Amino acid sequence: GRSHRHYQEPFDVRWLTMAIVQPESERLTYRLLDETDGEFLWELDQCEAVMRFINGGRKTSRKETNDIFIPRMLSYRNAPAGWGLWQASLKDGDKTALGWILVRPHGYFTEQRDDSVIELGWRFKQDWWGKGYATEAARAVMTYMQTLGAHSFSAIALPENTASIHIMKKLGMTFSHTEHYQDQVFNDDIVVYHTDATKP
């Protein structure tokens with residue numbers, strides 16, 4: 001008969017370890033984006049409504065995606081740490097990719113980078129707004145980051161971006177402060193929300 005050696009415990013343990021190294025939630029699956037995902041990243045930025053609170057509604061060019069956005073993503077992408085952009089896709093149907101959840105140290109591109117606080121962000125296609133997907137995905141990624149040892153989380157938005165702030169509140173975040181945020185691609189006054197998941 002066939003050998004059953006591959007059912008020995010060391011193999012099972014390794015398999016289980018590999019099986020849980022990504023977020024999980026009821027309706028969505030997740031994977032960490034990389035430099036081969038330029039088409040999806042560009043496509044997501046072709047909606048003026050999606051870009052409204054990012055740059056006033058200007059669509060991203062393919063050159064900007066390739067020359068600016070992807071190198072920025074790769075600079076903070078760290079799979080073992082869970083940092084990067086997590087693509088959220090439907091489990092059912094045609095496995096449609098809906099958007100992404102950002103994970104990186106707070107203030108990563110500023111002089112006030114803080115690795116003890118994880119910044120979460122989200123960008124989803126307008127067709128999927130209002131269905132709870134961004135909140136579900138952000139919560140799944142936040143829970144996943146806690147399993148990796150992260151306990152302090154932040155999120156930033158323009159003050160008028162009420163939909164994004166609503167998600168922050170659903171994640172248990174509360175208003176922290178207003179600050180002027182500036183890096184290579186963004187320069188504006190933003191609100192910062194925060195939660196410490198270690199608090200009861």
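Below, all heavy atoms of this structure are taken into account, side chains as well, without hydrogens, waters or symmetry copies. All residue numbers in this chain count up from 1 along the given sequence. No experiment lies behind these values; they were computed from the predicted model shown.
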Query raised in the report: For the atom pair OG1 (Thr143) and CG (Leu148), what is the distance rounded to the nearest 0.5 Å?
Result: 11.0 Å

Query raised in the report: Honestly curious: do Tyr30 and Leu32 fall in one hydrophobic cluster under the side-chain, below-4.5 Å linking rule?
Result: yes

Query - Asp127 versus Lys131, closest heavy-atom pair with distance - result: O-CE, 3.4 Å

Query raised in the report: Do the side chains of Trp42 and Ile70 get nearer than 4.5 Å, heavy atoms only?
Result: no

Report task. State plainly whether one hydrophobic cluster holds both Trp129 and Tyr133, where clusters connect Ile, Leu, Val, Met, Phe, Trp and Tyr through side-chain heavy atoms under 4.5 angstrom apart. Result -> yes

Report task. Could you walk me through whether Glu179 and Ile190 pass the side-chain contact (heavy atoms from CB on, under 4.5 Å) test, one step at a time? Result -> CA-CA 6 Å; Glu179 68 179 46; Ile190 50 110; 3.6 Å; yes

Report task. Evaluate the side-chain contact (heavy atoms from CB on, under 4.5 Å) criterion for residues Leu120 and Trp86: first the C-alpha distance (whole Å), next the side-chain angles of each, then the deciding distance (0.1 Å), finally the verdict. Result -> CA-CA 11 Å; Leu120 300 177; Trp86 287 93; over 6 Å; no

Show me, pair by pair, the donor-acceptor contacts under 3.5 angstrom made by side chains of residues 92-109, not counting sequence neighbours?
{"unit_1": "Asp94", "atom_1": "OD1", "unit_2": "Thr96", "atom_2": "N", "d": "3.3"}
{"unit_1": "Asp94", "atom_1": "OD1", "unit_2": "Thr96", "atom_2": "OG1", "d": "2.3"}
{"unit_1": "Asp94", "atom_1": "OD2", "unit_2": "Thr96", "atom_2": "OG1", "d": "3.3"}
{"unit_1": "Lys95", "atom_1": "NZ", "unit_2": "Lys91", "atom_2": "O", "d": "2.2"}
{"unit_1": "His106", "atom_1": "ND1", "unit_2": "Ser154", "atom_2": "OG", "d": "2.7"}
{"unit_1": "Tyr108", "atom_1": "OH", "unit_2": "Ser75", "atom_2": "O", "d": "2.6"}

Query raised in the report: Where do Arg58 and Met51 land on the side-chain contact (heavy atoms from CB on, under 4.5 Å) test, with the steps shown first?
Result: CA-CA 6 Å; Arg58 187 179 60 81; Met51 303 305 289; 5.9 Å; no

**Report entry** Shortest non-hydrogen contact from Met145 toward Phe153
**Finding:** CB-CE2, 3.8 Å

Query raised in the report: Hey, what do you get for CD1 (Ile54) to CG (Leu158), rounding to the nearest 0.5 Å?
Result: 9.0 Å

Query - Derivation of the side-chain contact (heavy atoms from CB on, under 4.5 Å) call for Leu28 and Leu90 - result: CA-CA 5 Å; Leu28 303 171; Leu90 291 176; 4.0 Å; yes

Query raised in the report: Measuring from Leu41:CG to Glu39:CD, what's the distance to the nearest 0.5 Å?
Result: 9.5 Å

Requested in this report: Give the cluster check for Tyr193 versus Ile118: same hydrophobic cluster or not, with ILVMFWY residues linked at side-chain heavy-atom distances below 4.5 Å.
Outcome: yes

Query raised in the report: Cluster question for you: counting only ILVMFWY and a side-chain heavy-atom cut-off of under 4.5 Å, with indirect links fine, are Phe69 and Ile156 together?
Result: yes

Query - Side-chain H-bond candidate by donor/acceptor type, Asp183 with Tyr181, under 3.5 Å - result: yes

Report task. Kindly compute the distance separating CZ (Phe175) from CE (Met173), expressed to the nearest 0.5 Å. Result -> 14.0 Å

Query raised in the report: Under 4.5 Å between any side-chain heavy atoms of Lys125 and Leu44, yes or no?
Result: yes

Report summary line: The reported gap from CD in Glu119 to OG in Ser152 (rounded to nearest 0.5 angstrom) is 12.0 Å

Report summary line: The single option from Lys59, Arg52, Arg123 that satisfies salt bridge (charged side-chain N to carboxylate O under 4.0 Å, His left out) with Asp45 is Arg123

Report task. Can you measure from CD (Glu24) to OG1 (Thr147) and round to the nearest 0.5 angstrom? Result -> 9.5 Å

Query - Nearest heavy-atom neighbours spanning Ser25 and Glu136 - result: OG-OE2, 2.8 Å

**Report entry** Heavy-atom closest contact (Met142 atom, Thr195 atom, distance)
**Finding:** CE-CG2, 3.5 Å

Requested in this report: Following the transitive rule for hydrophobic clusters with a side-chain heavy-atom cut-off under 4.5 Å over Ile, Leu, Val, Met, Phe, Trp and Tyr, establish whether Val141 and Trp83 coincide in one cluster.
Outcome: yes

Donor-acceptor pairs under 3.5 angstrom involving side-chain atoms of residues 161-172: please list them, not counting sequence neighbours.
{"unit_1": "Asn161", "atom_1": "OD1", "unit_2": "Ser164", "atom_2": "N", "d": "3.3"}
{"unit_1": "Ser164", "atom_1": "OG", "unit_2": "Trp122", "atom_2": "NE1", "d": "2.9"}

Report task. Determine, for Glu35 against Arg77, whether the closest basic-nitrogen to carboxylate-oxygen distance falls under 4.0 angstrom. Result -> no

